[in-house]
Amino acid sequence: MKLGADLAFFAAYVAVDWASSISDAGTIGITPWNPSVGVALSWLILHGPSRGLHLFLAIVTTDFIVRPLPGVPLARLLSAGLIAGGYAAAAAALLRRGALDPRIEHLRDLVLLLGVSAAAAALLALANVGQLMVAKLVMPEDFLAISLRQWVGDVIGIAVVTPTVLRARTWRLPAWGSPPTRLAIEGTAAAIAIAAFVWIVFGWEGSDEYKVFYLLFLPVVAIAVRRGLDGACLSLLLTQVGMIVLVQSRGFGSAEVTDFQLLMLSLTVTGLLTGAVVSDRARAERATREFEQLLRERQSELEHLSRISALGEMASMLAHELNQPMTATRAYVRTAQRMLDSTEPPPEERRKALDAIANAVAQVDLAGAIVRNLRDMVRRRAVTREPVDLGELAHQALALVRSQGNPDQVNVAITQQHGAPIVVAERIRIMQVLMNLLRNAFEAVQPDPLGRRRIEVRITPIDGGTGVELSVRDFGPGVPPEVQPNLFASFTTTKSDGLGLGLSICRGIIQAHGGRLWLESTGPEGSDFRFTLPVGSDSIDT
Ligand code: ADP
């Protein structure tokens, strides 16, 4: 494979050199158009600077066999050695520590390639023409002119050919016989336009080449802007080949061709840089678009995950919140069933049974309200917010907690300070919070001796009446130290039948209302759980 590629480059070098041996370069063979140097540098970049030896053989083949040049053989050999060694060194410098990406993907790669080649070409031109002068093949007075001719020929050969060869490796050609693509049609039109402009500048006898040369900027820059570096490479190659063919056929001398080539050099650099900037921008835009797409995908994945986790949370919340009313309902219904068991229950039993049924209905209503509220949240319906008097709500919550079979003979004092405002909130959810806190407090005071089981609920205005704080204070043994660090995390519990969800659900509800829930104090003399609610709460985040 490697040998095949080397042979192909060898053949390409010899063929290009032969085809481009133009103008009256005289006996020294230095022309202002050296595309073979561009081929050689691509070869060295792609296959490594060690190909310098192959290049030396290729130069010797062309200079001694294909189009033999007269003169001192030693000077010719030296010349071949200088050029092969010089460009191998340039390739080594370009590739050192990965400085150059051979795909010429970025503007910096192009600038590096052009800069290093221009410097190498200048040194080589001076050295080569110098040694030809020593060998008496170049007159001292021609030294500078011939050096400039070699330099411009080499630089332009590299600038036009090397980026094209390197970029061409990334191109995907359409399958043979497939219908013409837009790109192919556009490419053909561009080629015709370039050919027309080149003919106007160089083919038409009546035009002053120097004056109208700037016309060539039009197609080249337009194509570079539209198609980036690849468009620039191809249009410059076409411009250069067309120009050389016309200039040759009209028999211009080396000096004039060198001047044209200096103009061509400015066109080449402008076209290539424009193309590289456009390609860089297009790549950056593509990368941004891809990144945005990725972000969108991740976002929807995340939303999906959060929906699933929200569902899981809902399910556990439902299990937690329905457990109490269901148990209580069952107990009430069983009581009523027992009381009504005899065919003719005494009026006293009947009355108790009716009370139990009324209590069961209240529990079922509570369960229904919790489920409805959750359903509205899941469907993202506008949840109903209403003015809520926390004092009144605390009494209702207490009644329900008492009726859920919690410890008896607990003295609960609810005090509402004057000025405690009415808040706008979701009644049922705040009710859940109060019931959870009260239930925990009831359970906490259970070990206390009868008559000392005491809970205090205090409602006070805060922030100058724009908010309200509610405290549930029990006189139990306090929150066990081991659960304190994760008290508000899900599944933190010390109870055999507890889910450890109550406080985490409560905190979620209060935060959704724009408030805060925390443990104010805890110890052997009891715990004080508090939450705040702003009055407005008009943006409830469910
Ligand atoms: P659960 O009641 O299902 O265990 P919670 O989140 O409501 O879940 O409570 C978590 C834990 O915090 C309880 O198991 C208990 O150990 C402790 N705790 C909560 N409230 C009190 C309180 N008022 N006094 C003492 N410990 C409490």
Side-chain angles (χ1 to χ4, degrees), residues 309-310 312-328 363 366-367 370 373-374 390 393-394 397-398 400-415 428-450 452-459 469-513 515-532:
S309 95
E313 216 168 90
M314 298 273 172
S316 20
M317 182 164 160
L318 213 58
H320 182 268
E321 295 302 301
L322 293 186
N323 190 32
Q324 294 279 344
M326 302 275 271
T327 317
Q363 297 295 331
L366 175 68
I370 291 171
N373 181 264
L374 219 57
L390 281 183
L393 201 66
L398 177 63
L400 283 164
V401 168
R402 281 200 196 280
S403 68
Q404 282 177 348
N406 283 293
D408 277 341
Q409 303 188 26
V410 180
N411 177 10
V412 182
I414 299 177
T415 51
I428 187 70
R429 299 185 80 194
I430 303 299
M431 170 85 98
Q432 279 172 256
V433 175
L434 282 166
M435 287 180 68
N436 268 299
L437 293 181
L438 283 170
R439 218 179 280 133
N440 280 345
F442 267 80
E443 282 167 12
V445 296
Q446 192 171 20
D448 292 352
L450 286 180
R452 300 237 328 255
R453 296 175 176 174
R454 195 152 62 88
I455 297 173
E456 285 173 6
V457 177
R458 190 165 292 142
I459 302 155
E469 183 182 287
L470 190 144
S471 136
V472 178
R473 164 106 173 80
D474 65 63
F475 291 84
V479 177
E482 68 274 15
V483 302
Q484 282 183 27
N486 295 316
L487 189 58
F488 293 94
S490 300
F491 311 118
T492 300
T493 183
T494 52
K495 302 169 193 166
S496 57
D497 59 345
L499 281 173
L501 283 170
L503 288 174
S504 102
I505 292 172
C506 291
R507 182 171 262 187
I509 293 174
I510 293 299
Q511 283 174 348
H513 280 77
R516 219 158 56 78
L517 188 149
W518 73 100
L519 174 61
E520 171 75 15
S521 63
T522 189
E525 59 296 324
S527 314
D528 184 358
F529 281 88
R530 293 190 184 183
F531 69 80
T532 59

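In each ligand, atom 1 is the first atom listed, and ligand 1 is the first ligand listed.
Judged by distance alone, the side chains of S403 and Q363 do bring a donor and an acceptor atom under 3.5 Å apart.
Counting only heavy atoms from C-beta outward, the side chains of F475 and I455 never approach each other to under 4.5 Å. Between F531 and L434 the shortest side-chain heavy-atom distance falls below 4.5 Å.
Checked against side-chain contact (heavy atoms from CB on, under 4.5 Å), S504 has the following partners two or more places apart in sequence or in another chain: S490, L501. Residues satisfying the salt bridge (Lys or Arg N to Asp or Glu O under 4.0 Å) criterion with R458, sequence neighbours excluded, are E456. By the salt bridge (Lys or Arg N to Asp or Glu O under 4.0 Å) test, E469 pairs with R530, sequence neighbours left out.
Listed by chain and residue number, the protein contacts of ligand 1 are N440, A444, D474, G478, V479, P480, L487, T492, T493, T494, K495, G498, L499, G500, L501, G502, L503, S527, F529 (heavy atom within 4.0 angstrom).
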